[in-house]
Amino acid sequence: MSTSTQQWRGVASDDIEGELTAETSTRLAGRSRRLLRELLRPWRRALWWLMVVVVVENAARLSIPYLVKEGIDTGIPPIRASGDLEPLLLVVGLVLVATVTQAIARNLFLVRSGVMGQDILLSIRRRVFRHFQVLSPAFHDRYTSGRVISRQTSDVDAIYEMLESGFDGLVTAALTLVGTSVLLLVLDVKLGVVALLCGPALVLLTNWFRKESARSYRATREKVALVIVHFVESMNGIRAVQAFRREPRNQAIFDDVNDEYRRANLVAFRLVAWFMPGIRLIGNVTIAAVLLYGGYLAYHGEVTVGVLAAFLLYLRQFFEPMMEISQFYNTFQSASAALEKLSGVLEEVPDVPAPTDPVPLLDPRGEVRFDAVRFAYVEGSVVLPGLDLTVPAGQTVALVGTTGAGKTTIAKLATRFYDPTDGAVLLDGIDLRSLAPEDLHRAVVMVTQENYLFSGTIADNIRFGRPDASDEQVEAAARSLGAHEFIEALPQGYATPVSNRGGLLSAGQRQLVAFARAFLADPAVLILDEATSSLDIPSERLVQQALGTILAGRTAVVIAHRLSTVENADRVLVLEHGRIVEDGTPSDLVASGDGRYSDLHQAWVDSLA
Amino acid sequence: MFAVSLAGVGLTIAIPLVTRAIIDGPITRHELAPVLPLGLLALALGVLEAVLIFVRRWVQSNAVLGLETDLRRDLYERLQALPMSFHSRWQSGQLLSRVTTDLSAIRRFSGFGLLFLVVNILQVVVVTIVLLTMYWPLGLVVAATAAPIVWLSMRFEKAYVVVSRRVQDQQGDLATQAEEGAVGIRVIKSFGRSDHMARRYDEAALELRATSLDKVRLSAKFWTFLEVIPNLAVVVVLLLGAIGVGRGALTPGELVAFITLLLSLVWPVSSLGVILAMAQEAMTAAARVLEIFDTEPDIVAGDQRVRSPRGHLRFEHVHFAFPDDPDQPVLRDVNLDVAPGQTLALVGATGSGKTALTALVPRLFDVTGGRVTIDGVDVRDLDLAVLRSLVATAFEEPTLFSMSARENVTLGRSDADEDDVLAALEIAQAGFVHDLPWGLDTRIGEQGLSLSGGQRQRLALARAVLAQPAVLVLDDTLSALDVHTEKLVEEALSNVLSETTGLVVAHRASTVLLADRVALLEHGTITHVGTHRELLETVPAYRDLLAADPVPPADPDAPTAAPRAAGRTAGASGAPTNEGARA
Ligand SMILES: Nc1ncnc2c1ncn2[C@@H]1O[C@H](COP(=O)(O)OP(=O)(O)OP(=O)(O)O)[C@@H](O)[C@H]1O
Ligand SMILES: Nc1ncnc2c1ncn2[C@@H]1O[C@H](COP(=O)(O)OP(=O)(O)OP(=O)(O)O)[C@@H](O)[C@H]1O
Ligand SMILES: [Mg+2]
Ligand SMILES: [Mg+2]
């Protein structure tokens, strides 16, 4: 990576995909082979079946030159002698049969192996997507969405390419190779041995290619991921890019990663440029050798003209598929680099693992407890040094404090985005780590500072919180938050598609939709992290009223800077550098007169003018 | 390049001919002498062929990768130039699949397919001609097979183009799903809806699988035919050829050579199927890519510049409707005049069009009527780069990129020196960056360290301030700050705003106070302009929007006269309760 690239990217503690040592690279190869085996496992029987079809097809294909030889050797003399066509017709009939058999087998094979390829692809896609969903937000923070996307698009594409173009070629070619070798030996041992002398050369060349290309394809996978990461990021931030005239700089960076990708590809392509003609060279030399030696033998009458002709035909058939094999080998190497990456993802152990033996949570009351919780995102910089906190069921707790104090962090721990470094977070007395994720997320829902909307309609998005909600319930949730009016005013009302990540809505409207989705989810514990920050005051008030009625009796943790939201809480916690410095009812804290909350309160009151 | 490939074809044909010469000549005539030179000739030709293939591949690698890289580069350039209206319409997965999958389809074809298409057809033609000259009756049989092949290919192409377009579009959709699963992961997690997302993804993947299988079946049929046809030709040739040899019309050596050559056609013809499919995919891909190249940016840069910008911002009878929804104007007849150095606050309900209005200034969108001027020049007549250096916006949603903190802050002014950066960070109260592990060089955004909501917002603010624009637009940029920090930022900002023209979107009274005047945006138009106090006293709608009470009144429709007074009352009314509690 060039220095200029490094500079703009800045420094981070863990750069994931660095250079690989030889040792890790064999480990990677093993890992990807394991994945491949696993993927093929359900197809074991089908594979055998396909083999049979291929054998039939190739037997038919290979028999054609042999039959041609027969036709020439046995069909012609009778015609010459007596004009007897029968032996020839017999052979021709056989060729016809072979052709038809080959056609049927081929079609069967193409379709069946196509189905298999697609199913394997589907199962890779499913696995990878699901696994990314299981992995924790901490992993996603680190890995970045661009890489996640790159794994699921460009890496899967590489495998697709192999399955589509390669598999057919490989099986056919391998069988042809074996079949022809045997036939060559049968036809004439001496000539056969000469022909097969090329074997060691092929093996050497292929081995060299395997080693070199594994490395170069690995590099291409990594480089293409960088291209995708940069692309995705600049497209998602296009508003800022354009407003701040970032285009030229972005272009320079893109050119940089794009060019690195080109160079990585070039290395791989050049390997192929050696490998493919290398194979052809070996083939051609072999043919020449057979010609010379065969001519010599034929001169001495040790082989017939027919045998020599057939021999040369077979040799061609031997090397034609060699080109195909090497082509396949090439896509295979590219795909295995992709498999390596994917298997790496699949072997990533979730650092917020689901319990193997979850404690059932039937009817959550909603008591949340932090028990001596210590937490650091990165080792060394502790965000929460030791938090003890009990929120009784049904209480509404407001969390205030300067920015960066750790409020969101507390919320994330309560929804188990992260696990505490030390201590435990408990819901109704049960450690979150022993709750099934479904139970936990049904009980605890958070409205985050980022109110991401998914593609689909507005109604779909609101229903995201509760998939089985009726249209009436969706509307009721929107109504109670004052979102109904603007949704109705949209071109298709609730059925309006939210275009590219909610671009259709204003910031406040998005926040209301996100809110509605949490309301509808109807959790025992609702965590609102700055959920009203983009709303105007009347809307905020409406939301508060809704909070008061709909969430009566539920536990709520409200994080807000606008104390208007906080005043309604049963209890206020003031957080500073990850410690609770004040704890009491809002009015108590204001009355105490000299605490931080009363300061905040005064400042806020002043700010209202 | 092409000559090299042609020579390659020549050799592919020459080698069997040498074979024939050996069989026919020395062997049939039992002469040993010519075997050696002919064999060596075959060897030399074989080596030459390999060398030519090498040269071709080597040169091609450069050319083809260069093509792909250039296309990707141009595509990216175009995408960056296309306006927001384009980007809000297109799903980013579709864009991504064009930049990756489609470009590699084009690369594959132009690197491998195109050449082989030509070479294979040439080989077929040349071999057929050679066969015709060798023994024309049999040659005719071979030539006749061209008819069904051409007919089939044409039919195949027609069907295939439809399927492959569907496949590629569905790949784009799937990429979008993958992206949503990644970018929305935190929302998905907090609702525990991974299964739902996986199901959605599954649906798209299954659909893609079904379409791909259609494609598989279609090509399997075609490919099979392509393989059968030359083999059928072999059948006929063998029959007629053997009879011909029997009757003495041709020699056995000729027949062998004939059939050898004919069999050498099986591969080029059958691989034609794969190549045609590849060609079709490349064409579809090219069409998809062209959709982007053919989209003309509807925001075209003017050529005027402002000599010494003062920052006089005017909206004159501005109408605006989003392109997807042209019948529903968001802004109607908006008139505003912000004198240089003045700051105007923009107040309006959620969704009233404040962000839309601010987006018109740097031309993220264009007005649909009226005009926006800076120092008397219509923004549409200004050079885009100039305009956007005059205007800097801190957006309501801070967008950070996974780059160093410095790079993020200097986004709008990459030549800013250290002092400027530090000053901007100071104004935005973003001093926390110095405490990051590598200070300003720490990578932030998605990759590397994440920041808290308020921290992100302050960085975005610092970015806008650092750009030192003539017009500074702040779109509700203090919403995620706590009251103390907000106050500090406001104090620092008021210095900045005293010199620059400001447009400040505000939901809170505190932010409004940054401005000299306030404009109230209602029903898509500006209904009132005045000072905060004036509006508060005379406009009930404004009071509704900005008058928040620390303790919400029982009846929200009865707003208190002045918030400051209301605040005090609340404070006072709080006290007795507490005393009561203490007692
Ligand atoms: N994913 C992360 N990785 C590393 N550090 C983080 C991460 N998220 C937050 N931090 C850091 O942890 C500290 C606490 O962040 P948190 O988001 O909890 O603050 P907050 O109290 O919610 O602030 P705000 O009011 O600005 O939202 C901050 O210093 C922040 O930079
Ligand atoms: N890309 C878009 N296409 C069509 N309509 C849009 C688009 N973006 C926003 N809108 C609509 O235009 C109106 C104005 O949106 P805008 O974002 O300007 O509101 P706003 O005043 O900034 O609100 P907020 O205070 O919530 O940020 C809204 O009703 C919104 O639904
Ligand atoms: Mg936060
Ligand atoms: Mg807005």
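So that the names make sense, note that chain A is the first sequence line, chain B the second, and so on, each numbered from 1.
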What part of A:V91 gets within 4.5 angstrom of chain B, counting heavy atoms only: side chain, backbone, both, or neither? side chain

Region of B:I185 in contact with chain A, defined by heavy-atom distances below 4.5 Å: side chain

Could you tell me if the side chain of B:M84 sits less than 4.5 Å from the side chain of A:I238, heavy atoms only? yes

Under 4.5 Å from a heavy atom of chain B, the part of A:L600 involved: both

Given the rule in the side chain to side chain contact (heavy atoms under 4.5 Å, CB included) test, do B:M197 and A:F132 qualify, once you have shown the distances and angles that lead to the verdict? CA-CA 11 Å; B:M197 291 312 282; A:F132 272 129; over 6 Å; no

Interface moiety of B:A81 toward chain A, non-hydrogen atoms closer than 4.5 Å: backbone

B:E180 vs A:Y452 side-chain heavy atoms within contact, under 4.5 Å: yes

Need one label for A:V272: side chain, backbone, both or neither, based on atoms under 4.5 Å from any heavy atom in chain B. both

In terms of heavy-atom contacts, B:A42 and A:A288 come closest through C-CB, 4.2 Å

Under 4.5 Å to a heavy atom of chain B? For A:T402 that would be both

Give a yes-or-no answer on whether the side chains of A:S234 and B:Q80 include a donor-acceptor pair shorter than 3.5 Å. no

Please name the pair of heavy atoms, one in B:A182 and one in A:V148, separated by the smallest distance, quoted to 0.1 Å. CB-CG1, 3.6 Å

Which value, rounded to the nearest 0.5 Å, describes the distance between B:T69 atom OG1 and A:Y261 atom OH? 8.5 Å

Where on A:L85 is there a heavy atom nearer than 4.5 Å to chain B: the side chain, the backbone, both, or neither? side chain

Would you kindly say whether B:E227 and A:Q102 are connected by a side-chain donor-acceptor distance under 3.5 Å? yes

Checking A:P437 against chain B: side chain, backbone, both or neither under 4.5 Å from a heavy atom? neither

What option among B:L40, B:L45, B:L206, B:V391 has the most heavy-atom pairs under 4.5 Å with chain A? B:L206

Considering only heavy atoms from C-beta outward, does the side chain of B:I243 approach that of A:L88 to under 4.5 Å? yes

At a heavy-atom separation under 4.5 Å, does A:A521 approach chain B through its side chain, its backbone, both, or neither? side chain

Would you check if B:S402 and A:E233 make a side-chain contact, meaning some heavy-atom pair closer than 4.5 Å? yes

Any carboxylate oxygen within less than 4.0 angstrom of a Lys/Arg side-chain nitrogen, looking at B:R508 and A:D536? no

So, does A:R280 use its side chain to make a donor-acceptor pair with the main chain of B:A50 at under 3.5 Å? no

Against chain B, label A:R130 side chain, backbone, both or neither, depending on which of its atoms sit under 4.5 Å from a heavy atom there. side chain

Could you tell me if B:R193 sits above the aromatic ring of A:F464, with its cationic atom closer than 6.0 Å to the ring centre and no more than 45 degrees from the axis? yes

Chain A contact via B:F395 - which portion, at a heavy-atom distance below 4.5 Å: side chain

Could you check whether any side-chain N or O of B:H507 sits under 3.5 Å from a backbone N or O of A:S534, counting only pairs where one atom can act as donor and the other as acceptor? yes

A:Q242 side chain to B:L364 backbone, donor-acceptor under 3.5 Å: no

Which pair of heavy atoms, one from A:S506 and one from B:T350, lies closest together, and at what distance? OG-CG2, 3.9 Å

What residues form a side-chain hydrogen bond (donor to acceptor under 3.5 Å, both in side chains) with A:R270, not counting sequence neighbours? B:N62

Given a strict heavy-atom distance threshold of 4.5 Å, which part of B:T100 is in contact with chain A: side chain, backbone, both, or neither? side chain

Is there a side chain to side chain contact (heavy atoms under 4.5 Å, CB included) between B:W58 and A:W274? Walk through the geometry before answering. CA-CA 8 Å; B:W58 191 269; A:W274 282 109; 3.7 Å; yes

Test item: side-chain donor near acceptor, A:D157 and B:T101, under 3.5 Å: yes

Heavy-atom cut-off 4.5 Å, strictly under: side chain, backbone, both or neither for B:E396 against chain A? side chain

Less than 4.5 Å apart, any side-chain heavy atom of B:K189 and any of A:F417? yes

Region of B:Y76 in contact with chain A, defined by heavy-atom distances below 4.5 Å: both

Rounded to the nearest 0.5 Å, what separates atom CG in A:L281 from atom CG in B:L43? 8.5 Å

Please name the pair of heavy atoms, one in A:I149 and one in B:L96, separated by the smallest distance, quoted to 0.1 Å. CG2-CD2, 3.3 Å

Walk me through it: do A:D255 and B:R72 pass the test salt bridge (Lys or Arg N to Asp or Glu O under 4.0 Å)? CA-CA 9 Å; A:D255 288 354; B:R72 185 175 294 119; over 6 Å; no

Using non-hydrogen atoms only, which part of A:V232 is less than 4.5 Å away from chain B: side chain, backbone, both, or neither? side chain

Under 4.5 Å from a heavy atom of chain A, the part of B:S97 involved: neither

Consider only side-chain N and O atoms of B:R73 and A:N258, and report whether a donor and an acceptor are under 3.5 Å apart. no

Evaluation steps, side chain to side chain contact (heavy atoms under 4.5 Å, CB included), between A:V241 and B:F401: CA-CA 10 Å; A:V241 166; B:F401 298 95; 3.7 Å; yes

Any idea which of B:A385, B:A392, B:A405 has the most non-hydrogen atom pairs under 4.5 angstrom with chain A? B:A385

Checking heavy atoms, do the side chain of B:V51, its backbone, both or neither come under 4.5 Å from chain A? neither

So, the part of B:V234 with a heavy atom under 4.5 Å from chain A: the answer is side chain

Under 4.5 Å from any heavy atom of chain B, what part of A:I64 do you find: side chain, backbone, both or neither? side chain

Under a plain distance cut-off of 3.5 Å, with no hydrogens placed, do A:T99 and B:N231 share a side-chain donor-acceptor pair? no

Is a side-chain N or O of B:S190 found less than 3.5 angstrom from the main chain of A:M446, in a donor-acceptor match? yes

Are A:H561 and B:H484 packed together at the side-chain level, in the sense that at least one heavy-atom pair is separated by less than 4.5 angstrom? no

Residues at least two apart in sequence or cross-chain that pass salt bridge (charged side-chain N to carboxylate O under 4.0 Å, His left out) with B:E397, listed by chain then number, are A:R510

Under 4.5 Å to a heavy atom of chain A? For B:V99 that would be side chain

Considering only heavy atoms, which portion of A:R517 lies under 4.5 Å from any heavy atom of chain B: side chain, backbone, both, or neither? both

Does a side-chain heavy-atom distance below 4.5 Å link A:N284 with B:V47? no

So, A:H441 side chain and B:F191 main chain: donor-acceptor pair closer than 3.5 Å or not? no

Contact check, side chains of B:S61 and A:L266, non-hydrogen atoms, under 4.5 Å: yes

Cation over ring, B:R463 on A:F244, under 6.0 Å and within 45°? yes

Kindly compute the distance separating OG1 (B:T355) from CG (A:L505), expressed to the nearest 0.5 Å. 12.0 Å

Under 4.5 Å heavy-atom distance to chain B, tell me which part of A:Q602 shows up: side chain, backbone, both or neither. neither

